[in-house]
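Within every chain, numbering begins at 1; the chains are lettered A, B, ... in the order of the sequence lines, protein sequences first and strands thereafter.
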Amino acid sequence: MSTTHLLPAVLPSLKATFKRPLLLRSPFSNVLTKQTRFNFQPTRSATGGAQKIVKKSSKLPQEKTQTQSVNKSPSVQIKESPNRDICEVLERLAIQERNNGQPFKERAYQKAMRSIVAYPTRLNSGKEAQTLPGVGDKIAKKIDQFLETGSVEQLLLSKSNQEEADLINLFQRISGIGPVKAKSFVDKGYKSLEDLAKEPQLTHHQRIGLKYIKEFEEKIPRDELERLLDIVKKATHEIDPRYIVEACGSFRRGANVSNDLDIILTHPDFTEVMESATDRKKVKTSLLMQVVQALENCGFLTDSISKGSVKYMGVCQLPKNKTDGLCTHHRIDLRLIPHQNYYAGLLAWTGDDEHNRIMRLRAKARGYTLSEYGLVRKIKAEIGEDTYDEKIHIQSEEDVFKVLDMPYKKPHERNMRGVVKKKYLMHEE
DNA sequence: CTGACGTCGCATTTGG
DNA sequence: CCACATGCGA
DNA sequence: GTCAG
């Protein structure tokens with residue numbers, strides 16, 4: 001079955017869903033089946049049955065098994081912890097809080113979960129867990145309850161509540177649907193993705209998310225990303241060789257697989273100190289949009305989620321290849337960054353998050369502020385409490401490390417997630 | 001006890 | 001019509 | 001929900 005062949009058909013078919021819902025049943029039912037079979041069986045999940053999905057698709061040569069969670073951005077790997085069951089409980093509590101519209105509680109649970117994943121030995125009590133960062137009173141008590149009874153009260157829902165929660169989780173897997181919209185759609189009575197496709201008030205973003213729900217959840221092999229990036233670079237430099245184009249994110253950190261393609265662009269003509277705001281906007285608009293248009297024209301970009309003067313979000317695809325013929329759709333972001341902010345942006349969007357956090361704390365301790373917009377020194381005025389900012393000119397990522405007096409780290413050395421584990425090992429020695 | 005927990009571009013809704 | 005608020009993703 | 005101020 002050729003995906004390209006389907007392409008022209010899929011878009012209209014979604015629009016014409018009212019008339020021909022049957023057309024949609026096949027692509028969606030796979031998702032749903034997967035869903036009910038693997039994801040939303042709390043009893044199985046709690047007993048520690050590995051929630052793994054092996055991608056059977058021959059498209060992906062990786063025999064990558066991935067723990068499938070409702071999280072759009074899977075946060076933590078918990079597979080080989082001696083406290084895996086506890087972590088799964090915390091993960092479910094995190095999801096519950098997100099569905100309750102409590103993002104900070106969600107993060108609090110995730111933080112506790114990360115601590116516990118990194119903990120090398122089996123926890124015997126909540127008290128023991130409470131020594132870890134992010135684990136306080138409440139979580140300690142829940143861990144005790146779990147260790148004693150094998151479950152946590154808060155997670156026990158009535159059947160109907162559980163069904164509702166499952167549905168909210170399902171809808172949130174669609175890009176463009178978050179906790180609020182997911183709940184509102186459930187309240188409106190939608191029971192499935194097929195139902196949802198009939199909703200006339202879906203935004204453009206949500207339609208794209210629904211259309212590609214399966215493909216967006218697939219990991220992208222590194223070699224495919226390299227080819228995608230190559231296309232963007234060539235197309236961009238064909239317009240103007242003065243563009244600088246670089247992929248960030250996990251790809252730049254050397255990952256074998258990624259979730260999406262995150263590209264930043266800059267051009268010497270786009271600086272923050274441009275005369276009139278209108279001129280500036282004109283330049284910005286054309287600088288990013290001409291790249292987008294070129295990529296649309298050659299069929300590389302298949303759908304757009306948002307198009308602004310400095311940020312583009314969309315969907316891309318390799319040209320059909322005669323050896324494997326695969327052309328999975330992937331999320332792609334393009335950012336246009338002011339020329340003098342380029343390296344700060346590169347650093348920030350290369351991450352990872354933890355590495356950013358460490359560098360920003362270091363900057364703060366030294367009287368600087370580091371962000372994607374640059375490295376700024378806070379200087380106190382001679383008189384009074386006023387401060388003013390001195391922007392540090394950055395010509396490379398190395399410059400930032402140098403100014404902050406940190407040893408330079410190559411992108412692939414900036415994977416800080418999971419490094420906590422090493423800390424513990426070192427501590428034991 | 002109380003506030004922070006990252007912040008911002010873009011699409012879309014809301015309320016004048 | 002516009003200005004602001006909200007939801008979302010990153 | 002947790003932590004720091």
Side-chain angles (χ1 to χ4, degrees), chain A residues 71-75 89-98 100-116 126 129-143 152 154 171-185 200-209 216 247-251 258-264 281 284-285 288-289 292 303-315 331-338 341 344-345 348-361 363-364 369-374:
Chain A
N71 281 330
K72 283 176 184 175
S73 49
S75 43
V89 166
L90 294 178
E91 183 174 32
R92 288 171 54 206
L93 286 164
I95 291 167
Q96 194 174 73
E97 292 300 349
R98 182 185 57 193
N100 288 340
Q102 301 284 345
F104 293 112
K105 292 190 180 183
E106 177 193 3
R107 294 210 169 183
Y109 280 117
Q110 287 172 346
K111 184 182 178 189
M113 189 167 59
R114 280 200 300 273
S115 287
I116 293 178
Q130 210 170 343
T131 62
L132 301 173
V135 182
D137 272 7
K138 306 280 202 55
I139 292 182
K141 286 203 175 97
K142 288 187 172 73
I143 289 176
V152 174
Q154 193 182 329
F171 289 168
Q172 282 188 86
R173 289 167 55 190
I174 298 162
S175 180
I177 297 183
V180 174
K181 286 297 164 190
K183 187 158 195 320
S184 83
F185 288 140
Q201 290 204 40
L202 284 186
T203 66
H204 176 64
H205 183 171
Q206 289 158 354
R207 280 181 209 287
I208 304 295
F216 286 173
C248 309
S250 60
F251 173 82
S258 302
N259 293 316
D260 57 13
L261 181 51
D262 195 355
I263 292 178
I264 66 177
K281 188 154 195 175
K284 277 200 304 193
T285 303
L288 181 55
M289 278 315 128
V292 168
D303 302 85
S304 294
I305 290 171
S306 68
K307 293 184 192 193
S309 60
V310 295
K311 191 178 77 171
Y312 170 87
M313 297 172 71
V315 185
R331 280 280 295 103
I332 180 171
D333 293 345
L334 303 175
R335 276 176 237 276
L336 180 66
I337 296 184
N341 290 355
W349 274 295
T350 298
D352 62 13
D353 289 347
E354 184 65 12
H355 186 264
N356 284 344
R357 205 180 62 80
I358 291 167
M359 279 198 87
R360 289 171 186 195
L361 279 176
K364 195 190 247 180
T369 304
L370 176 64
S371 74
E372 63 269 41
Y373 300 112

message: If I take atom CG in residue A/Asp333 and atom C1' in nucleotide C/dC8, what distance separates them, rounded to the nearest angstrom?
response: 12 Å
message: Would the distance check show the side chain of A/Asn341 and the main-chain N or O of A/Gly374 forming a donor-acceptor pair, the cut-off being under 3.5 Å?
response: no
- prompt: Reading DNA chain D 5' to 3', which nucleotide is the first, and which the last, to come under 4.0 Å of any heavy atom in chain A?
  reply: D/dG1 to D/dC3
message: Please enumerate all residues that pass salt bridge (Lys or Arg N to Asp or Glu O under 4.0 Å) together with A/Lys307, with sequence neighbours excluded.
response: A/Glu296
Filtered N/O pairs between nucleotides 2-5 of chain C and protein, under 3.5 Å:
none

task: Kindly express the pairing pattern of DNA chain B in dot-bracket notation, using | wherever a base pairs with another strand and counting only Watson-Crick or G-U pairs under 3.5 Å.
output: |||||.||||||.|||
- request: For B/dA4 and B/dC8, measure between their P atoms and round to the nearest Å.
  value: 15 Å
field: Contact pattern, 5' to 3', of nucleotides 2-10 of chain B - B, S or - by protein heavy atom under 4.0 Å
entry: ---BS-SBS
query: Is a side-chain N or O of A/His204 found less than 3.5 angstrom from the main chain of A/Ser306, in a donor-acceptor match?
result: no
message: For a quick test of reading the model, state the closest non-hydrogen atom pair linking A/Tyr312 to A/Ser304 and the distance between them.
response: OH-OG, 2.8 Å
message: Please report the distance separating the P of B/dG6 from the corresponding atom of D/dC3, rounded so that it comes out in whole Å.
response: 15 Å
message: Taking any heavy-atom pair under 4.0 Å as a contact, classify A/Lys142: base, sugar-phosphate, or nothing.
response: sugar-phosphate
query: Looking across every strand, which nucleic acid part, if any, lies under 4.0 Å from A/Lys138 by heavy atom: base, sugar-phosphate, or nothing?
result: sugar-phosphate
statement: Taken to the nearest whole Å, CD/A/Glu106 to P/C/dC8 is 12 Å
Integer angstrom distance from the P of B/dC5 to that of C/dA10: 22 Å
query: If the P atom of B/dG9 is compared with that of D/dG1, how far apart are they to the nearest Å?
result: 33 Å
field: A/Asp262 and its side chain to side chain contact (heavy atoms under 4.5 Å, CB included) partner, picked from A/Leu334, A/Asp333, A/Ile332
entry: A/Asp333
Residues that A/Thr350 engages under side chain to side chain contact (heavy atoms under 4.5 Å, CB included), provided they are two or more places apart: A/Cys248, A/Arg252, A/Arg253, A/Leu346, A/Glu397, A/Pro411, A/Arg414
message: From CD1 of A/Ile264 over to P of C/dA10, roughly how many Å is that when rounded to an integer?
response: 17 Å
